[in-house]
Amino acid sequence: MGATGGDENTQEYMTKMKRKELGISCTLNTEVGAVLAVLRRASEANLHLYHPPEENYDSQLSHSLKSLRSLIFNPQQEWLNIDPMIYLSPFLDVVQSDDVPAAATGVALSSILKILKLEIFYHKSPGAREAINSAVTAVTGCRLEKTDPVSEDAVMMRILQALTAIMGHPSSVLLTDQSVCTVVNTCFQVVQQSASRSDLLQRSARYTMHELIYVIYQRLPEIEVKDWEDSESDTEDTNVDLGYGIRSAIDIFHFLCSLLNVVEVIETDGTTSQTADENVQLFALVLINSAIELSGDSIGKHPKLLRMIQDDLFHHLVHYGTSSNPLVSSMICSIVLNIYHFLRRSVRLQLEAFFSFVLLKVASLGNSLQLQEVAIEGIINFCRHPTFIIEVYVNYDCNPIFNNVFEEIGKSLCRHAFPSGGCLISLQVQAFEGLTVIIHNIADNVDKDDDSTPSGPYPVEISEYRRFWEEKSKEDEDDLDNWIDFVRVRMAQKRKIQIAGNHFSRDEKKGLEYLKLSLLIPDPPDPKAYAMFFRYTPGLNKTAVGDFLGCPDDFYLQVLKEFTKTFEFMGMVLDTALRTYLETFILPGESQKIQRILEAFAERFYDQQSSELFANKDTVDILCYSVIMLNTDQHNPQVKKKMTEDEFIRNNRDINAGQDLPREYLSELFHSISANAITSSGSSGAPVEMNPSRWIQLINRSKNMEPFIFCNFDRRLGRDMFASIAGPTVATLATIFEQSDEEEILHECIEALFSIARITQYGLQDTLDELLCSFCKFTTLLNPYASSEETLYAFSNDMKPRMATLAVFTVANDFKKSIRGAWRTIIDCLLKLRKLKLLPQSVVEPENASNTSSNPPVHERSVSGVVFPTQDLKFTSKRHNSGINNGRFSHFLSMESVEESLNLGVSEFEQNLKVIQQCRIGSIFSNSSSLPDESLLNLGRCLIFSAAGKGQKFSTPIEEEETVAFCWDLIVSIASSNTHRLLVFWPHYNEYLLDVAQLPLFSPIPFAEKGIIALMKICLKLLSSFHSDKSPEELIFKSINLMWKMEKEILDTCCDFLVQSVTTILTEYPANLQTQLGWKTVMQLLSVTGRHPETYEQGVEALINLMSDGFHISRWNYPYCIDCAFGFVALKNSPLEKNMKIMDLMSDTVHLLVQWYRSGYTDAGSSTSINSSTSSGSLEENSKALTSSNLTVTYFAKLGEAFRKTSLARREEIRNQAVMSLQKSFALGEDLYFSPTNILSCFNLILFAMVDDLHEKMLEYSKRGNAEREARSMEGTLKLSMEVLTDVFLQFLKPLSESPSFRAFWMGILRRMDTCMKADLGDCGESKLPHTIPELLKKMVITMKQKEILVSREDDDLWEMTHVQIQWIAPSLTEELFPQV
């Protein structure tokens, strides 16, 4: 069953194949019949004519066709296996026949076309090669002798179709190179003939030509490279069996290049002139472009085709690139772009020539607007290529022997985009588009998130000598960093060479010396280095170069030799080579120098000549000198009698090794020099135009030139690239934004600004500063001549100022790290916005750490009105590392948004506020922790000087006060965000504060007033956490003291805030207050600001809490605590109970002194901390005390001194409490183990002084009228002080008696007793002291006797002196105390 099914399938297949074969037979039969019918009809029409049988070719054609018909239905095998010539040859004969009418030819061509399209045969069919090549021969040799024009057009259409079918047939691979070239040539002939015929034929012919080029060059990547291609000859190893290949591709390409030279003759006013046929040129360029696109980089595998592109094609492109036809210029740009894409490795010099002599030249402002637009469009198309700008920069700008192609492109775009006033024209818009393409391309490749490559160093320094003309190939990707460093150093060398060239043109010695200083010339000098400098440095003084080259010194002879070696004279005739040589310098006037130069040239020229014309180099030397003489003779106006041709030939007889040079050669040389003088263009730069000699030299150089370097973007190179065009780019961008009113252009400017900001963060901060300053001007906020109303109106009614403002502050937020000097202008804009009341309430964003409830309320709202909310992130936005999201510009700043706002009833003020909120101004300062040190210093300096009023104009004192407070609040925000590095920047801030105090018109109010508040806020922020390093704290307190010293009145105006701040420090952060200066400042501020009635309670409570606890009173803040306590006690009308409490606490501090004494106050830890904290800001007396051997006694003396001063208070209760507290202090201080000297000093400084002062005050009051009460009150205090004196004396009698000065001390006590006994209160009545003093005296003497201190001795007169004094003071005590006397 299965076998039966298989047989059925086979039978079915065979049936189908037979039907197919029969179908082909029917088709062929139909075509034969059609051709016979046409032939028969033509014969019938010509029956009246007699044709001899032997000449009746039609009968032969008919016979062959009829014979074919007899074979059609009886094929011996399948049609694919039958020789195609059997059924093609009759039709081919008809096509090639001279006597066949056009109708028959057309039908035969249609038959051939049908056979080819049906693919009856293929490339493996027997005879396929002969058939396909015969078809080419027949179709291309089609005779059209018996046709009319209409029929001829139809036949030509059939020919075109047949040619297309032949090249598209599978067997076309069997065509020979000659056949393919014939096909293309025939098609082009049809193109030419169709120019005067129907438009349809012309279009068809051109289309066919495109199709042929497509088929031929699409196959090029598959063609193998042959050995013969590496040779310079045009011969090849032809192997017919392989079909057509590279030979036809080369010939056709050469043919297409030759079409660029087709000229047309134009007759005007009876004269004829020739000019390039631009229609043919354009057609050829389109075909060439197609060939390159289809072949791709496979062209590089075929040396001959590549050489044709390098030489012939590029020469034509450069020559015709400046064509006046925009279409031709545009197509040339497209071709070069394709060549760059596929073959740039092999056309390095050619590409430079194209840009220098074509694109940049056509783009110059002297050409027509259309041509300029074409050139700019071509430049933009190149710049859109992903790697073009970086590769051009590396290959040309970073190579000292090439022109700065990228830099010139950038500058050209800037020149064309720069507005000239009024609306931007299309060319300017187009150039601006190209400029933004470059900017965005660099930014996107420089500022990548995943790029970890370094960005420095910038600028590059030349650290060692390197040969600047030698290149380093980029082979090893692992060594990429070294290669990039090499390239960057070459760029630095190139710039140094240009500078040296400028010096050389003014002073040769300085120029060469600069080369040495820049390490461009080794030590000892290298002749080749000098030669390369003279050869490739543009703008040199060519006269000076000629003098150097002609010097007889051996070194400069070597320089001349190396200089001449840089020229390639292969393929040049003598005068062309000599012109090329002498273009680079001016021949010196001295004949010997000329001779040396010409000898060097002759040797080089002779060595590179392949002809046998010259016998030796001496011939060339003599002829060169003769040519120079001829040039002078023919073109010097002072020479009246000119040399003739015969004379020139006669002068050069027998110079070729005794033989004559060909007369024709000398004649051509004479006419060339006579027609065109050999000239040098002085100190001009690059050649103006590309001539044949320069092109030959370029091709010769390209043979030894390193290939074009492929490379990708690197952050360092990208930054260097932009730096080369940064100046004109910034100027152009700013001017376009200023003069344009088109919304789209303005947005593009903003986007370009952001891209530039992305680039400048890698070492180009000055560029960003310049750009920001320019855009700040466009905000209209800095116009010094506009009133606030005018500024506000301009800001509210023009979209451009708001765009500029939003752009500036967005850049300030996202690229604040890169801003340096521009902070000045940004701060001015910010202050103007505040003046216009356009800033929202929440300007400064909240700090990371939320404020605690214990912080002063003033933290919540500053004096300037700037709110520090606890949580308000409504208008903040995070920066995306991948770039700037410019969506808010298109949304908020467009005409549509304005209209939408008007429809919604949004006021101008609300619109402005919305824009300002988008600026995120507060985050600039609150997120300043990422700012580099330099930027942070610049920002702080601007704010400090603005707060001091520099550059500001205030209309009212209130405005000044608010502005100053605003600036200080921003400083607070900066410092709060950077507490971790206060030590880095705050010393500079402190210097700035000192600087502003020296300004001529500086006013400390309100600067110092707002400043001390701000500084206290910073201090609170700093002290809110513990810092092991005490230096930042000391720096801040230095600044606080500076504010205080500027104007002491500020302590009164700011007392509320200061007391609250100090209270916070003492109650919450006392442990974090670690420096002497800090404690001193805090206690002084507490003492001074607490004097005010409204702040007294808070201040005194803070002090009482501090002293009650006593935990935070230390050895180095003790004096300041005592001073502060004394200040509160000394206040007039202060609450009595508070003063009593304070004095009790003061006396209780003696416990601390005793504790310190016992624990040892000279331990290493305390000494270290004391020294570190007293480095500055401590009192001189404290410094001495801290270095003494008994610090506690010194502090005790200070405490006693405070009580002594308090004992003179007006209120008796205070005085008496002070005296009693003093007594308590001495009682508690007994454990201090006073030495005799110390206790004696305490008596002298404290007790004696207190008694003396009280006695003096008592007498003073007694002498006043109506002061009896005060006198008696003071008397009571004096009495109490004498009692304290007595008690303390007896308490410390033992150490006192051990003092060598005890006798004098005792006399002092007795003297004061005597003074009190004899006190005269005048009108106040009798003193009560005489009743007290004897008892006190008696008590002291008895105790002294008991302790055997007062004993009668022969060697001690103390007894006798005491007896005498008591007799004088209290005689009644004499007998009782001295009974034995």
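Counting begins at 1 with the first residue of the sequence.
Judged by distance alone, with hydrogens and angles left aside, the side-chain atoms of His416 form no donor-acceptor pair with the main-chain N or O of Ile376 at under 3.5 Å. Here the side chain of Ser973 pairs a donor or acceptor atom with the backbone of Ser926 at under 3.5 angstrom. Although no hydrogens or angles enter the test, the distance criterion places a donor-acceptor pair under 3.5 Å between the side chain of Lys816 and the main chain of Asn813. Judged purely by atom type and a 3.5 angstrom limit, Glu738 has no side-chain atom pairing as donor or acceptor with the backbone of Phe778. With Asn367 contributing its side chain and Lys361 its backbone, the two residues share a donor-acceptor pair below 3.5 Å. Of the possible polar contacts, one joining the Lys494 side chain to the Asn399 backbone as a donor-acceptor pair under 3.5 Å is found. In this structure, Thr732 contributes its side chain and Phe418 its backbone to no donor-acceptor pair below 3.5 Å. Here the side chain of Asp397 pairs a donor or acceptor atom with the backbone of Glu407 at under 3.5 angstrom.
Here Glu748 contributes atom CD and His440 contributes atom NE2; the two are 7.5 Å apart, rounded to the nearest 0.5 Å. The structure places CD1 of Ile389 at 13.0 Å from CD1 of Ile379, a figure rounded to the nearest 0.5 Å. Residue Leu733 holds its CG atom at 11.0 Å from CD of Glu751, rounded to the nearest 0.5 Å. Of the inter-residue distances, the one linking Thr791 atom OG1 with Leu838 atom CG reads 10.0 Å to the nearest 0.5 angstrom. Atoms CZ and SG, from Phe809 and Cys776 in turn, are 7.0 Å apart once rounded to the nearest 0.5 Å. Rounding to the nearest 0.5 angstrom, the gap separating the OG atom in Ser426 from the CG atom in Leu369 is 5.5 Å.
Relative ring orientation between Phe1007 and Trp968 is described as tilted, the plane-to-plane angle lying within the 30° to 60° band.
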Evaluate the side chain to side chain contact (heavy atoms under 4.5 Å, CB included) criterion for residues Asp720 and Arg488: first the C-alpha distance (whole Å), next the side-chain angles of each, then the deciding distance (0.1 Å), finally the verdict.
CA-CA 8 Å; Asp720 296 346; Arg488 298 184 71 210; 2.6 Å; yes
Trace of the side-chain hydrogen bond (donor to acceptor under 3.5 Å, both in side chains) decision for Ser928 with Asn978:
CA-CA 7 Å; Ser928 59; Asn978 294 274; 2.9 Å; yes
In sequence, state the C-alpha distance, the side-chain angles, and the governing distance for Asp447 and Tyr762, and then conclude on side-chain hydrogen bond (donor to acceptor under 3.5 Å, both in side chains).
CA-CA 9 Å; Asp447 187 32; Tyr762 298 103; 2.8 Å; yes
Residues Val362, Val374; criterion side chain to side chain contact (heavy atoms under 4.5 Å, CB included); working and verdict:
CA-CA 8 Å; Val362 173; Val374 169; 5.9 Å; no
Determine, stepwise, if the pair Glu962 / Lys837 fulfils salt bridge (charged side-chain N to carboxylate O under 4.0 Å, His left out).
CA-CA 11 Å; Glu962 292 178 348; Lys837 303 185 184 304; 5.1 Å; no
Verdict with reasoning, Ile380 to Gln430, per side chain to side chain contact (heavy atoms under 4.5 Å, CB included)
CA-CA 8 Å; Ile380 295 173; Gln430 188 180 30; 3.7 Å; yes
Between Ile924 and Trp823, does a side chain to side chain contact (heavy atoms under 4.5 Å, CB included) hold up when you go through it step by step?
CA-CA 11 Å; Ile924 298 174; Trp823 285 121; 3.7 Å; yes
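Counting all heavy atoms, side chain and backbone alike, Pro728 lies closest to Lys411 at CG-CG, 4.2 Å. Shortest non-hydrogen contact noted between Leu772 and Ala822 is CB-CB, 4.0 Å. Summarising the geometry of Ala731 relative to Thr735, their closest heavy-atom pair is O-OG1, 2.7 Å, with the distance given to 0.1 Å. When all heavy atoms are compared, the tightest approach of Thr779 to Cys829 is OG1-SG, 3.8 Å. Counting all heavy atoms, side chain and backbone alike, Ala947 lies closest to Val964 at O-CG2, 3.2 Å. Counting all heavy atoms, side chain and backbone alike, Cys749 lies closest to Phe737 at CB-CD1, 3.7 Å.
Between the side chains of Asn445 and Asn441, at least one donor-acceptor pair of N or O atoms lies under 3.5 Å. Side chains of Asn403 and Glu408: no donor on one and acceptor on the other come within 3.5 Å.
The shortest side-chain heavy-atom distance between Leu830 and Leu839 falls under the 4.5 Å cut-off. Between Glu910 and Leu913 the shortest side-chain heavy-atom distance does not fall below 4.5 Å. Contact check for Ile409 versus Phe388: side-chain heavy atoms found under the 4.5 Å cut-off. When side chains are defined from C-beta on, Phe382 counts as touching Leu359, because their heavy atoms get closer than 4.5 Å. Using a 4.5 Å cut-off on side-chain heavy atoms (C-beta onward), Met803 and His747 make contact. Between Asn912 and Leu836, the closest side-chain pair of non-hydrogen atoms is not below 4.5 Å. Considering only heavy atoms from C-beta on, Cys414 comes within 4.5 Å of Thr729 through its side chain. Side-chain contact between Phe754 and Asp814 is absent, with no heavy-atom pair separated by less than 4.5 Å.
For residues 767-778, no residue pair satisfies the side-chain hydrogen bond (donor to acceptor under 3.5 Å, both in side chains) rule, not counting sequence neighbours. Applying the ring-ring contact (aromatic ring centres under 6.0 Å, His included) test to pairs two or more places apart or on separate chains, none has a residue in residues 783-802.
Taking a cutoff of 4.0 Å between a charged side-chain nitrogen and a carboxylate oxygen, Asp828 and Arg824 qualify as a salt bridge. A salt bridge is absent between Lys800 and Asp798: the closest approach of a Lys/Arg side-chain nitrogen to an acidic carboxylate oxygen does not fall below 4.0 angstrom. Using a cut-off of 4.0 Å between Lys/Arg side-chain N and Asp/Glu carboxylate O, Glu960 and Lys1010 are scored as not salt-bridged. Between Asp444 and Arg758 there is a salt bridge, since at least one side-chain N of the basic residue sits less than 4.0 Å from a carboxylate O of the acidic one.
In this structure Phe713 satisfies the ring-ring contact (aromatic ring centres under 6.0 Å, His included) test with no other residue, sequence neighbours excluded. Legend: residues meeting ring-ring contact (aromatic ring centres under 6.0 Å, His included) with Phe354, ordered by chain and number and at least two apart, are absent. The ring-ring contact (aromatic ring centres under 6.0 Å, His included) test applied to Phe432 returns no partner, not counting sequence neighbours. Here Phe722 pairs with nothing under the ring-ring contact (aromatic ring centres under 6.0 Å, His included) rule; sequence neighbours left out.
Checking each of Thr387, Leu717, Val394 against Cys711 for a side-chain contact (heavy atoms from CB on, under 4.5 Å) leaves exactly one that passes, namely Val394.
The number of heavy atoms from other shown groups lying within 6.0 Å of CD (Glu744) does not exceed 12.
For Tyr396 and Phe355, the ring centers are positioned 6.0 Å apart or more.
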